[in-house]
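One structure below.
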Amino acid sequence: MAQLNQGWHLESFLDSLIVELDKARETLAIKAVNKPLTYAVKDVNLEMQLFPSFDGRKVKFVTAQPGETGASKIAIQLGSITDQQIRKTTKKPFSKEDISIDTIKDIDDDTRDSLRKMGVTSVNDLAEIEKKNIDLQKVSKEKVNYRKLSGLLQKARRGNFPPSVRNVSFSMSGGEPVLEIEGDNFLLDDKYEPVAVLNGELADVISSSRSNILLKINPNKLKNNVHEFIMALDPFTVFKLKINNP
């Protein structure tokens, strides 16, 4: 006895179909080495009888079985597209430093769906909208709290890229002592200025980047054998070091 058909999403179906077509194209590319004349799939046309269902958020389909009536008809036509057309009509793939909104648990489903409808799927997308001064709260009809969302995304980004310290050294610059900290992932957002405290006193930040921080310090604060250093890189990141006397 045949098992009942399982529900499926259109996106998953099309993804699987496109993967199969890509495999066929790659096979033809290899075959063309030995056989100059061959055959290729130009267009794919599908017509299916389906029973759609909608749970208020997502649409799922069940393929009609032989003899079933009352199904809806859906026709799908897949055509070819060049790499140049893809680059012009789609945004860049996720970079190593970007974070998808789907991976952030603190974002509720309504907010996530509202963002997706506006084309916002990652931290970088939100940053681009911020640069263009778009009011997400108004565009989403009060469904998106921008400040809360921005904080959640930046917090998630920091969780994926915590700071790391490789080397700490004291030196002299212009006759004044400076402290140099080398590492990675210090600054991820230019809108936050790091704040440093050495032995309970604020230290002047001379320069800061993703991999290097240079601080001017009070020479009177270097009399102890061990120094306590605290640095706030952004609202979500604070690190503390114990530094031996130079």
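Keep in mind it's a predicted model, so treat the numbers as computed, not measured.
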Report summary line: Exactly one candidate in Leu214, Ile217, Asp204 meets side-chain contact (heavy atoms from CB on, under 4.5 Å) with Val178; the answer is Leu214
Query raised in the report: Minimum heavy-atom separation for Phe229 to Ala196, with atom names?
Result: CE1-CB, 3.8 Å
Query raised in the report: Are any side-chain N or O atoms of Asn199 and backbone N or O atoms of His227, one a donor and one an acceptor, separated by less than 3.5 Å?
Result: no
Report summary line: dist Ser122:OG -> Arg157:CZ (nearest 0.5 Å) comes out at 10.0 Å
Requested in this report: Just jot down the salt bridge (charged side-chain N to carboxylate O under 4.0 Å, His left out) partners of Glu180, sequence neighbours excluded, or say none.
Outcome: none
Requested in this report: Could you check if a side-chain atom of Ile76 sits within less than 4.5 angstrom of a side-chain atom of Leu14, using non-hydrogen atoms only?
Outcome: yes
Report summary line: One should read off an interatomic distance between Phe61 CZ and Ser12 OG, to the nearest 0.5 angstrom, of 11.5 Å
Query - Residues Arg166 and Asp184 bridged, charged N to O under 4.0 Å - result: no
Query - Test item: Thr63 and Met48 side chains (from C-beta on) under 4.5 Å apart, heavy atoms - result: no
Query raised in the report: When clusters are formed by joining ILVMFWY residues with side-chain heavy atoms under 4.5 Å apart, either directly or through shared neighbours, do Ile230 and Leu233 land in the same one?
Result: no
Requested in this report: Show your reasoning for whether side chain to side chain contact (heavy atoms under 4.5 Å, CB included) applies to Phe51 and Gln65.
Outcome: CA-CA 10 Å; Phe51 292 101; Gln65 299 192 76; over 6 Å; no
Query raised in the report: What's the verdict on side chain to side chain contact (heavy atoms under 4.5 Å, CB included) for Val195 and Leu202, showing C-alpha distance, side-chain angles and the deciding distance?
Result: CA-CA 8 Å; Val195 177; Leu202 283 173; 3.7 Å; yes
Report task. Report yes if some heavy atom in the side chain of Ile213 is under 4.5 Å from a heavy atom in the side chain of Leu215; otherwise report no. Result -> yes
**Report entry** ILVMFWY network linking Met172 to Leu198, side-chain heavy atoms under 4.5 angstrom
**Finding:** no
Query raised in the report: Taking side chain as C-beta onward, heavy atoms only, is Lys60 less than 4.5 Å from His9?
Result: yes
Query raised in the report: Rounded to the nearest 0.5 Å, what separation is found between the OG atom of Ser72 and the CD atom of Gln49?
Result: 8.5 Å
Query - Smallest separation among heavy atoms of Arg116 and Thr121, with atom names - result: CG-CG2, 4.4 Å
Query raised in the report: Cut-off 3.5 Å, side chains only: do Asn212 and Ser209 have a donor facing an acceptor?
Result: no
Query raised in the report: Below 4.0 angstrom, N of the basic side chain to O of the carboxylate: do Lys58 and Asp55 qualify?
Result: no
Report task. Would you check if Ile243 and Leu179 make a side-chain contact, meaning some heavy-atom pair closer than 4.5 Å? Result -> yes
Report summary line: Nearest heavy-atom approach of Phe186 to Arg158 is O-NH2, 2.5 Å
Query - Audit row: Arg112, Asp109, side chain to side chain contact (heavy atoms under 4.5 Å, CB included) steps and yes/no - result: CA-CA 5 Å; Arg112 189 177 284 111; Asp109 290 337; 3.3 Å; yes
Query raised in the report: Does CD belonging to Gln77 count more than 12 external heavy atoms closer than 6.0 Å?
Result: yes
Query raised in the report: Within a strict 4.5 Å, meaning less than it, do heavy atoms of the Pro194 and Met231 side chains meet?
Result: yes
Requested in this report: Kindly work out whether a path of hydrophobic side-chain contacts (I/L/V/M/F/W/Y, heavy atoms less than 4.5 Å apart) joins Leu241 to Phe170.
Outcome: yes
Query raised in the report: Should Tyr192 and Thr237 count as side-chain neighbours, where that means a heavy-atom distance under 4.5 Å?
Result: no
Query raised in the report: Of all heavy-atom pairs between Val62 and Gly7, which one has the smallest distance, and what is that distance?
Result: CG2-CA, 3.7 Å
Requested in this report: Any chance you could measure Ile74, atom CD1, to Leu46, atom CG, to the nearest 0.5 Å?
Outcome: 9.5 Å
Query raised in the report: Is it true that Val238 and Phe236 fall in one hydrophobic cluster, defined by side-chain heavy atoms closer than 4.5 Å?
Result: no
Query raised in the report: If you count the non-hydrogen atoms of other residues, nucleotides and ligands that lie under 6.0 Å from CD in Glu68, is the total more than 12?
Result: yes
Requested in this report: Supply the atom-to-atom distance Ser114 OG to Asp108 CG, rounded to the nearest 0.5 angstrom.
Outcome: 8.0 Å
Query raised in the report: Taking C-beta and beyond as the side chain, do Trp8 and Leu50 meet within less than 4.5 Å on heavy atoms?
Result: yes
Report task. Please check if Val168 and Val205 belong to a single hydrophobic cluster, counting links between Ile, Leu, Val, Met, Phe, Trp and Tyr side chain heavy atoms closer than 4.5 Å. Result -> yes
